[in-house]
Amino acid sequence: MDSDNTKDQVSRRGFLGVSSGTVAAATGALIAGGAAAQEQTRSVRRANDRSATDPGPTNGPQDAQNPDSTWPPSTDSKSLVRTFKYPFSLANKRTYEGGWSREVTSRELPVSKSLAGVNMRLTAGGVRELHWHTADEWAIVLYGSARITAIDSDGKSFVADTKKNDLWYFPSGLPHSIQGLEPDGTEFLLVFDDGDFSESETVLLSDAMAHLPPEVLSKNFGVSQPALKNLPKNELFIFQTAVPGSLEADQKAAAGALGKATRDFAFRTMEMPPTKRTKSGEVRIVDSSTFKVSTNVAMAMVTVHPGGMRELHWHPNADEWQYYMSGKGRMTVVSTGARARTMDFQAGDVGYVEKTLLHYIENTGDSDLIFLEMFKSSFYQDVSLSEWLTHTPPELVMAHLNIDRATLDAMPRDEMVVVPG
Ligand code: MN
Ligand code: MN
């Protein structure tokens, strides 16, 4: 493996010698087995195939980040498969004093019909203003810590502090807020159970107040009109204010005489052992069986060590919306009608696989690949290709695949989730 890697890196460097300095620097790092093999295939093709040239204008850094789009594997189909990747880097960022927000919805990624994602940053004290919406909101903290507030349908309050990898879930219509805590606020990913969702179409407290006659507000709250004269005239959305005090004080003040909400809207992902662990990685599955309020969104957080691969599988029950948290990977999606496409992913990218389509995700980098598989479903479900083939009459499988008994017997009989390189 070592000597192969060295050889592959030499050929990779030679191949990239004609490219920009940026590209050469980015690929100077060690390449794991799978990636080196792919790169070797590509450079052999470039050396032997006169058609594998691109003499016209091209975006070198983009090509380097997307080698499987630039020179697709020969197994990809020539008929088109629409894109199933959108990087948050290209999303329209809305910036405010106190933070920013950007989203990848069906407008940015038309294939993503069932779920939409929002990536948001809040400074320490920065607030995503009190609001509610028509979609259910699932969230994971990517950085720092945040205080979240909500009330349940009985009007009982929920206030909690969340840290990296913690989740929260706010069912549609329940009002809530998010605020960055010390020392450096927070960044998080929101996933909504509607591909057409937009953060700019939520009901904001400030907006609602600005669009009601003052005499109505006065009557509703039982206070004088002059007392309400400084209500904001425009939406706040994200704004900077002071860092909140102690959690206990906020919980007590919000609960009042009604008491605290009985349902827990937060989930501590890392306090749960991995659902499955192999020597090449692990998966944590969180759905409504463990995170009770998460009735319409299920998550699998997958870690694939260098050289490993999330095995070939599909999901019978729902489309998969992916978010890449770290590392690099590639995925082939085998679509219906003899169509297939391979695309490359890295931290900050969104991927998408429609329900029932066969796919794998291979770690093509030199560090752990960590990504989220998200589903609009109360439960997680997948079918493993290996498990299916090894639990079908062997003669039938051998007749299809032209393989001998020893080869079939060598295939994993149980779902591995993550297979070694
Ligand atoms: Mn929300
Ligand atoms: Mn999957």
Side-chain angles (χ1 to χ4, degrees), residues 59 61-62 65 85-110 112 115-135 137-150 161-166 168 170 175-192 194-211 230-244 321-326 345-351 372 374:
N59 184 330
Q62 282 290 336
Q65 280 191 13
K85 167 180 174 171
Y86 196 92
F88 263 108
S89 297
L90 293 180
N92 192 165
K93 190 180 266 180
R94 309 163 69 191
T95 61
Y96 301 82
E97 175 88 30
W100 51 255
S101 176
R102 53 186 180 177
E103 64 190 31
V104 176
T105 71
S106 62
R107 287 169 290 279
E108 289 75 23
L109 183 61
S112 64
L115 297 166
V118 171
N119 176 209
M120 197 177 287
R121 165 86 170 122
L122 296 172
T123 58
V127 177
R128 167 67 175 94
E129 94 161 274
L130 288 156
H131 70 282
W132 68 96
H133 31 72
T134 53
E137 170 177 320
W138 178 98
I140 184 166
V141 179
L142 303 171
Y143 168 84
S145 57
R147 180 160 304 171
I148 54 176
T149 80
D161 287 353
T162 54
K163 61 183 183 308
K164 188 176 177 186
N165 290 323
D166 286 350
W168 70 73
F170 297 131
H176 53 276
S177 67
I178 310 153
Q179 184 171 21
L181 297 175
E182 302 258 79
D184 186 34
T186 185
E187 188 178 330
F188 50 91
L189 176 77
L190 306 173
V191 178
F192 296 92
D194 173 5
D196 296 332
F197 182 82
S198 175
E199 267 289 272
S200 59
E201 287 161 28
T202 57
V203 185
L204 305 178
L205 177 63
S206 56
D207 245 355
M209 296 302 100
H211 291 91
N230 291 328
L231 288 177
K233 299 285 185 286
N234 298 302
E235 69 165 40
L236 298 167
F237 190 69
I238 290 173
F239 66 100
Q240 184 67 51
T241 186
V243 174
W321 190 97
Q322 300 171 335
Y323 179 72
Y324 287 82
M325 296 173 75
S326 66
F345 298 88
Q346 62 187 64
D349 289 345
V350 173
L372 304 175
M374 304 299 309

Approximate separation, where rounding is to 0.5 Å, of [X] [atom1] and [Y] [atom2]:
X    : Y    : atom1 : atom2 : result
T123 : E182 : OG1   : CD    : 10.0 Å
Q346 : K85  : CD    : NZ    : 6.0 Å
E97  : T241 : CD    : OG1   : 11.0 Å
L130 : I178 : CG    : CD1   : 10.0 Å
T186 : M120 : OG1   : CE    : 10.5 Å
I140 : N165 : CD1   : CG    : 5.0 Å

Please check this pair: side chain of [X] against backbone of [Y], looking for a donor-acceptor N/O pair closer than 3.5 Å.
X    : Y    : value
R102 : R94  : no
E199 : V118 : no
Q65  : Q62  : no
E103 : G117 : no
D349 : Y323 : no
S106 : G195 : yes
T202 : W132 : no

Should [X] and [Y] count as side-chain neighbours, where that means a heavy-atom distance under 4.5 Å?
X    : Y    : result
D207 : F237 : no
S101 : I238 : yes
W100 : E187 : yes
L189 : L372 : yes
W168 : L190 : yes
L90  : E108 : no
L236 : V127 : no

Exercise for review: State whether E201 and R107 are salt-bridged, where the test is any N-O pair (Lys NZ or Arg NE/NH1/NH2 against Asp/Glu carboxylate O) under 4.0 Å.
Suggested key: no
Considering non-hydrogen atoms only, spot the tightest contact between [X] and [Y] and give its length.
X    : Y    : result
F345 : G351 : CE2-CA, 3.6 Å
K164 : L142 : CE-O, 3.6 Å
A150 : F170 : CB-CE2, 3.6 Å
S177 : T149 : OG-OG1, 2.6 Å
L181 : A146 : CD1-C, 3.7 Å
M374 : V191 : CG-CG2, 4.4 Å

Practice item. Could you go through the side-chain contact (heavy atoms from CB on, under 4.5 Å) check for Q179 and D161 one step at a time? Key: CA-CA 9 Å; Q179 184 171 21; D161 287 353; over 6 Å; no
Review point. Using 30° and 60° as the class limits, which term best fits the ring planes of W321 and F88: parallel, tilted or perpendicular?
Key: perpendicular
Review point. Mind checking whether H131 and H176 have parallel, tilted or perpendicular rings, split at 30° and 60°?
Key: perpendicular
Check your understanding: side chain to side chain contact (heavy atoms under 4.5 Å, CB included) with I148: which of D166, V141, T162?
Key -> T162
**Study point:** Whether over 12 other heavy atoms sit under 6.0 Å from N92 CG
**Key:** no
Point to revise | Qualifying residue for side chain to side chain donor-acceptor pair (under 3.5 Å) with S206, from E235, E129, H211 | key: E129
Exercise for review: Report the C-alpha distance between T105 and F192 in whole Å, list the side-chain angles of each, state the deciding distance to 0.1 Å, and finish with yes or no for side-chain contact (heavy atoms from CB on, under 4.5 Å).
Suggested key: CA-CA 9 Å; T105 71; F192 296 92; over 6 Å; no
